[in-house]
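Just so we're on the same page: letters track the sequence lines, and every chain starts at 1.
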There are 2 protein chains.
Amino acid sequence: MGQTEATPEQFAAYFALMEAGALLQQMVEQQLRQEGDLSYVQFRLLTRLADAADSSVRMTDLADGLVHSRSGLTYQADLLERNGLIVRSPSPDDERSVTVAITEAGREVLARVRPGHIALVAKELFGPLNEQDVAAMADVLTRVRDHLRTVPRPPTTRRRTAKK
Amino acid sequence: MGQTEATPEQFAAYFALMEAGALLQQMVEQQLRQEGDLSYVQFRLLTRLADAADSSVRMTDLADGLVHSRSGLTYQADLLERNGLIVRSPSPDDERSVTVAITEAGREVLARVRPGHIALVAKELFGPLNEQDVAAMADVLTRVRDHLRTVPRPPTTRRRTAKK
DNA sequence: TATTGTTATACTCTATAACTATA
DNA sequence: TATAGTTATAGAGTATAACAATA
């Protein structure tokens, strides 16, 4: 980018978002790897399972927002299952489906990782911010995220429903 | 994360930042790939070169913030050079160094990609925001980014200076 | 015929360590 | 001895397409 359109404030906001997001993700990724041998994606998958009503979800539903091709999800599930953090079993209702559930070991990893995770975010993300800043950030970025979610994204996980 | 510490506002801000950053990067990445066959990292490398005073920089300096191991930079430089977007030549002063410069073709790719890039960001990032929002976002995220930059990151590009 | 999930395969990117050559 | 950059190699992750089983 360079000269056409866009105010200096906009450039500042755009670049800051991209870089802050990238830096924060790196740090989080490193913390999760060190303290729980998890990637961020794996952490989010486990979290989603832990938060699920009955701790179990179908593969397809599990993938949803997490930018995964179906095979990518299978790959991650293989890793998590190999480490005993999740279990897959055939769905009772639909024989084609696979139900995924977090195990006790999976919950333990989440519990083990949580304190460091919260401490990291508190220090490195919120360290330089006051309450008002946090409120403003939550407000603006929530709207941005919600908007970005609506933007039609290519392929991803969910299979193109019959493309004429 | 779950119960210990941290306010709901903080959770909202943290998750929104992570997700908004990830979604925006995906979209940008896709736009750059489609319109210029560039990854975001390559785009940033080219931009840095284009912005450099004399359009040329040493390999080591080029890598700086861009999360690259030395070999990773060489890999990207190989790709960019193969496509004629940059040129490497031995440095005049230090025979060990390599000077990298953007080519005319490289500038053309940047020019070709820029309009779509700006349009995308204007629409998808700033679409749901007013001027005040942008100002607040720039203010807060700039501080966050500057703080995150100061956090000691592991290895990266620059070689560990003699670790006793 | 459409959907769920897996597999086979290839490709991109990154990192480590060894290596060359200069300083 | 330290630095600049490359290379060889291996590993993580992702995607596409073909596939089997079920709806």
Can you measure [X] atom [atom1] to [N] atom [atom2] for me and round it to whole angstrom units?
X     : N      : atom1 : atom2 : value
B:Q30 : D:dA15 : CD    : C1'   : 14 Å
B:L73 : C:dA15 : CG    : C1'   : 14 Å
A:L38 : D:dG13 : CG    : C1'   : 16 Å
A:E29 : C:dA15 : CD    : P     : 12 Å
A:Y75 : C:dT12 : OH    : C1'   : 13 Å
B:Q26 : D:dT14 : CD    : C1'   : 12 Å

For nucleotides 9-11 of chain D, list the nitrogen or oxygen atoms of the protein found under 3.5 Å from its nitrogen or oxygen atoms, one pair per line.
none

query = In terms of the nearest nucleotide of DNA chain D, which residue is placed more toward the 5' end: B:V98 or A:V41?
reply =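 Per heavy-atom nearest nucleotide, the more 5' residue is B:V98.
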So, [X] side chain and [Y] main chain: donor-acceptor pair closer than 3.5 Å or not?
X     : Y      : result
B:Q31 : B:V113 : yes
A:S97 : A:S91  : no
B:E35 : B:L32  : no

message = Among residues at least two apart in sequence or on other chains, which ones pass side chain to side chain donor-acceptor pair (under 3.5 Å) with B:D37?
response =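 Only B:R33 meet the side chain to side chain donor-acceptor pair (under 3.5 Å) criterion with B:D37.
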remark   = Taken in chain and number order and not counting sequence neighbours, the residues that satisfy side chain to side chain donor-acceptor pair (under 3.5 Å) with B:D93 are none
query = How long is the gap from CZ on B:F43 to CG on B:L80, to the nearest 0.5 Å?
reply =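 Rounded to the nearest 0.5 Å, the CZ-CG separation comes to 12.5 Å.
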ask   = OP1, OP2 of C:dT14 versus side-chain N and O of B:Q76: anything below 4.0 Å?
value = yes
task = Would you indicate, yes or no, if D:dT6 has its OP1 or OP2 atom less than 4.0 angstrom from a side-chain nitrogen or oxygen of B:R70?
result =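 So the side chain of B:R70 is outside the cut-off, no N or O lying under 4.0 Å from OP1 or OP2 of D:dT6.
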message = Using every non-hydrogen atom in the two residues, find where A:I102 and A:L46 come nearest and quote the distance to one decimal.
response =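 Scanning both residues, the minimum pair turns out to be CD1-O, 3.8 Å.
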Hey, does [Y] have a side-chain heavy atom less than 4.5 Å from the side chain of [X]?
X      : Y      : value
B:D139 : B:R143 : yes
A:T142 : A:D146 : yes
B:L23  : B:Q26  : yes

query = Could a donor-acceptor pair under 3.5 angstrom be found where the side chain of B:S71 meets the base of C:dA15?
reply = yes
query = Of all the choices, C:dC13, D:dG13, C:dA17, which nucleotide is nearest to the side chain of A:Q42 once you look at every atom?
reply = D:dG13
Might you list the N or O atoms of the protein lying below 3.5 Å from N or O atoms in nucleotides 20-23 of chain D, with each pair's distance?
from, atom 1, to, atom 2, distance (Å)
D:dA23, OP1, A:E95, N, 2.9

ask   = Closer to the 5' end of DNA chain C via nearest nucleotide, is it A:T74 or B:S39?
value = A:T74
note = Note: contacts of residues 78-92 of chain B with DNA chain D (heavy atom, under 4.0 Å) are B:R88
ask   = Is the ring centre of A:H117 less than 6.0 Å from the ring centre of B:Y14?
value = yes
ask   = Quick one: salt bridge (Lys or Arg N to Asp or Glu O under 4.0 Å) partners of A:E81, sequence neighbours excluded?
value =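 Scan of A:E81 (salt bridge (Lys or Arg N to Asp or Glu O under 4.0 Å), adjacent residues dropped) gives A:R88.
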